[in-house]
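Right, one structure below, let's go through it.
Numbers here are sequence positions counted from 1. Computed from heavy atoms alone, side chains included, the values below leave out hydrogens, waters and symmetry copies.
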Amino acid sequence: MAPAEKDTKDAKDAKDEKNVKDAKDAKALSIKAKEEGKLRQQALVTLNLQVALFRDLLLDVGGSKDCPALREKVRRVRLAAVDAVLRTYKTILPNIADSLSEGTIMDHGQLACLCLLARLLQGELEKCLR
């Protein structure tokens, strides 16, 4: 085998190894993105359930079903809703920061809106404490 052919073969092998490594990295990033998407979805579902439960309980306050047990349940659900808001915010905020640094925030406008709404909801839920 001539030295030029050997160099060409070595370069081709190195290029193939790089392509395999790039494919593995892309697959790992894809898996990570899917896991992050599932975490965001789970956080949003939890937040939605907590807010809906809180709203339903608040409708009964001041009515015929009002009692100390109901008010205690409202307090516990409010605390759970605040935790869900904070969890959702912490899950979504890194994605927004990445989008800002990449300059693709317009592609994730709904996430940015959700993040702001989560902060507003947290403020409103904290007002309920007073």
Identify every side-chain donor-acceptor pair in residues 84-92 under 3.5 Å, counting partners at least two apart or on other chains, and give the distances.
unit_1 : atom_1 : unit_2 : atom_2 : d
Thr88  : OG1    : Ala43  : O      : 3.3
Thr88  : OG1    : Ala84  : O      : 2.8
Thr91  : OG1    : Arg87  : O      : 2.7

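- By the side-chain hydrogen bond (donor to acceptor under 3.5 Å, both in side chains) test, Asp66 pairs with Arg71, sequence neighbours left out.
- Remark: Phe54 CZ to Glu124 CD distance equals 10.0 Å, nearest 0.5 Å.
- A continuous path of ILVMFWY side-chain contacts below 4.5 Å connects Leu58 to Leu70, so both sit in one hydrophobic cluster.
- To the nearest 0.5 Å, the span separating CG on Asp60 from NZ on Lys73 amounts to 9.5 Å.
- Leu120 belongs to a hydrophobic cluster whose remaining members, ordered by chain and number, are Leu117; membership requires side-chain heavy atoms of ILVMFWY residues under 4.5 Å apart, directly or through intermediates.
- In the hydrophobic clustering of this structure, Leu47 does not group with Leu49; members are Ile, Leu, Val, Met, Phe, Trp, Tyr whose side-chain heavy atoms approach within less than 4.5 Å, directly or through other members.
- Across Glu126 and Arg78, no two heavy atoms sit closer than the pair CA-NH1, 4.5 Å.
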